[in-house]
Amino acid sequence: MPESSENKSFFITTPIFYVNDAPHIGHAYTEVATDVLARWHRQSGDDTWFLTGTDEHGQKILRTATANGVAPKEWADRLVESAWRPLLNTINISNDDFIRTTDARHEEGVAKFLQKLYDDGHVYAGEFEALYCVGCEEFKPKSEIVDGTGAFEGEKVCAIHSKPLELLQEKNYFFKMSAFQDRLLALYEERPDFVQPASARNEVIAFVQQGLEDLSISRTSFDWGIPIPWDSSHVTYVWFDALLNYVTATGYGSNDEQFARRWPATHIVGKDILRFHAVIWPAMLMAAGLPVPEHVFAHGWLLVGGEKMSKSKLTGIAPNEITDTFGSDAFRYYFMRAISFGQDGSFSWEDLAARYQAELANGFGNLASRVLAMNAKYFGSVQPAAAEETAADQAIRELALKVTSAADTHIERFAIHEAIAEIWQLVDALNGYITEQEPWVLAKSEEQKPRLGTVLATATEGLRALAELLHPVVPEATAKLWAALGADEAIGALDEQPLRDAGTWGRLPAGTPQQPLAVLFPRIETDAESK
RNA sequence: GGGGCGUUAGCUCAGUCGGUUAGAGCAAAGGACUCAUAAUCCUUCGGUCGUGGGUUCAAGCCCCACACGCCCUACCA
């Protein structure tokens, strides 16, 4: 690993969410994963910026707004305030910025970007006629057009939405994406980690090798969008508009200094929108003469009952259904730990409840509880002093160093699940260490007091390391633990601790007064286990 | 039709460059212990690695075919 250089820029994004959707655990999953990565880097001292937001243009939003009797902007405002900002609170997201595609900064940036592409000859006018699906916001290829049934008998309908398609003819402006095919392939070749994981990269390469076509980037059939700067009878295609949020939010066209400091970004996306981010978006940036993203990482789907959770099929689970019972920390921990980041993963209430109980309550929560209880009982609630170190103590200390470094390496590779598994070795080792060292036996003899102090000092130092290492994943529980350790007064705020030094011993001075610990993860009686 | 991925213990999943008796957690059974959230620790049980071929001294891993499942297929391919 390279030495961590101070103020290394780390700009990470989620996709911006389509306001018309109802937030479900899939959206929350993307947010949490990005948040964990952002918190890890921020706590490590990197110059971190975490951007999320909403996508608010397009025909579908115009239609639902009209159906609800309000202007589209008002409709979007309502959804942002009632659904999307609350989602971020529900799962404790630490975003630095929230962009809406209706923000003036975005609309102005998009116009500048488009004008530049037009001036530089990357955009031309063309015309076409095709079947368009309002639900998909796009013209459909033959493979996605099927014969309607029932009420739509005899009509052509969208294979996804099963609703009739509309035959549209438009004069459109096209982006000469085909011109960037070779440069894109060279990019994937030269930077193998540009698209991750490898399965996603393979898919992208195969797709581009089949040949790229130019992309229609304007629409005239409705007006809820950003006007094309040189032809106000057109609005910008929603995807072209949406992708640009990543640069307009950080000062493109308005604040060059800020833009230079942040860009390029690391994009975390669902695998459904990989192509937009790994093909179209880099091509757009190349055309504008801007650096391409640092990484595009595509994560998998959450499977519920073995099937993909779907936005349009209403199989979504609302995040607060989980957090109301288990809390936001458990939500965050569960999805980050149980699923290999980058692959599909199964969600079940049984698995969630089992992991909550076994890993959070019995593993980590109980560890904190037993150590602090013994500090209170045997040392009057202060951090004990360590005496001579034995092999067992040394093993714990070395393990803390090892897991810190290994976890950081895993985070660099986006292997969030592996980072947590690595850190959890310390939880398990500490539980075993305490059982073997039997501090309750040592406490019976005054001569053993120094040894008792060493054991509990080691265990407490382990808790301190765990609080720091797990703070990006379970911010609330670790904050409670931090307070109980008296660490705020002794060494400062938890989120200011240098994460990459978490494994270094001796940070908490002996004699530091401790506070009673609130139960970190209370036992929960669920339907699943109480039958 | 084309492309990508997956199939390993009852469940959820690891398994790097092909290399000894295929690993973990949970669940299940037994034991130890009492500081702790009836928690912890130890032990045990548990697998024809989807199917059939092939390459190799050696295959969960590489090649071919098949089965099942999932995803993508960009307006005009």
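Order of the sequence lines sets the chain letters (A, B, ...), proteins ahead of strands, with each chain counted from 1.
- Every side chain to side chain contact (heavy atoms under 4.5 Å, CB included) that A:H417 has, sequence neighbours left out, goes to A:S340, A:F341, A:A415.
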Test log, rule side chain to side chain contact (heavy atoms under 4.5 Å, CB included), inputs A:F240 and A:L114: CA-CA 9 Å; A:F240 204 85; A:L114 280 167; 3.4 Å; yes

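- Looking at the side chain of A:W440, the nearest of the listed nucleotides B:A74, B:C13, B:C35 is B:C35.
- In this structure, the ring of A:Y237 has its center no less than 6.0 angstrom from the ring center of A:Y173.
- A distance of about 23 Å separates the P atoms of B:A28 and B:C33, rounded to the whole Å.
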Identify all pairs in which a protein N or O lies below 3.5 Å from an N or O of nucleotides 59-65 of chain B, and state each distance.
none

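- Between A:E436 atom CD and B:U34 atom C1' the separation is 16 Å, expressed in whole Å.
- Comparing the C1' positions of B:C71 and B:U16 gives an interatomic distance of 26 Å, to the nearest angstrom.
- Every side-chain hydrogen bond (donor to acceptor under 3.5 Å, both in side chains) that A:K271 has, sequence neighbours left out, goes to A:D344.
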Restricting to nitrogen or oxygen on both sides, can you table the protein-nucleotides 5-9 of chain B pairs closer than 3.5 Å?
residue	atom	partner	partner atom	Å
B:C5	OP1	A:N202	ND2	2.9

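- For the OP1/OP2 pair of B:A14 and a distance below 4.0 Å, the side-chain nitrogens and oxygens of A:S340 include at least one atom meeting the criterion.
- Within the structure, the ring-ring contact (aromatic ring centres under 6.0 Å, His included) test picks out the following pairs touching residues 179-205 of chain A (sequence neighbours left out): A:H122-A:F180, A:F175-A:F180.
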Pair assignment for RNA chain B - dot-bracket with | for other-strand partners, Watson-Crick or G-U under 3.5 Å: (((((((..((((.....[...)))).(((((.......))))).....(((((..]....))))))))))))....

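- A:A459 is linked by a side chain to side chain contact (heavy atoms under 4.5 Å, CB included) to A:V371, A:I434, counting only residues two or more places apart in sequence or in another chain.
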Nucleotide N/O of nucleotides 37-40 of chain B paired with protein N/O under 3.5 Å:
residue	atom	partner	partner atom	Å
B:U37	O2	A:F521	O	3.2
B:U37	N3	A:F521	O	2.9
B:U37	O4	A:G365	O	3.2
B:U37	O4	A:F521	N	3.3
B:A39	OP1	A:R523	NH1	2.7
B:A39	OP1	A:R523	NH2	3.0
B:A39	O2'	A:N366	OD1	3.3
B:A39	O2'	A:N366	ND2	2.5
B:U40	O2'	A:R370	NH1	3.2
B:U40	O2'	A:N431	O	3.4
B:U40	O2'	A:T435	OG1	2.8

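- A:I339 comes within contact range of no nucleotide atom at all, as no heavy-atom separation falls under 4.0 Å.
- Residue A:L372 is tested with A:T460, A:L481, A:L367, A:L456 for a side-chain contact (heavy atoms from CB on, under 4.5 Å); the sole match is A:L481.
- Formation of a donor-acceptor pair under 3.5 Å by the A:N245 side chain with backbone atoms of A:A242 is found in this model.
- Remark: A:E203 pairs with no residue by the side chain to side chain contact (heavy atoms under 4.5 Å, CB included) rule, at least two apart or across chains.
- Here, B:A22 and B:C49 have their P atoms 11 Å apart, quoted to the whole Å.
- Residues meeting the ring pair (Phe, Tyr, Trp, His ring centres under 6.0 Å) test with A:W224, sequence neighbours left out: A:H57.
- Nearest to the side-chain atoms of A:I434 among the listed nucleotides B:C26, B:G3, B:C35 stands B:C35.
- Among the heavy atoms of the strands, none lies under 4.0 Å from A:E418.
- For A:A518, the side chain to side chain contact (heavy atoms under 4.5 Å, CB included) criterion is met by A:K480, not counting sequence neighbours.
- Contact annotation for A:G211: base contact, defined as any heavy-atom pair under 4.0 Å involving a base atom.
- For the contact set between residues 441-462 of chain A and RNA chain B, defined by any heavy atom under 4.0 Å, there are no members.
- Remark: A:K449 is positioned above the aromatic ring of A:F379, its terminal NZ or CZ atom under 6.0 angstrom from the ring centre and at most 45 degrees off the axis.
- Residue A:R413 holds its CZ atom at 8.5 Å from CD of A:Q196, rounded to the nearest 0.5 Å.
- The main-chain N or O of A:L442 is never found under 3.5 Å from a side-chain atom of A:S445 such that the two would form a donor-acceptor pair.
- The backbone N or O of A:S216 sits nowhere less than 3.5 Å from a side-chain atom of A:N172 that would complete a donor-acceptor pair.
- A centroid separation of 6.0 Å or more is found between the aromatic rings of A:F335 and A:H299.
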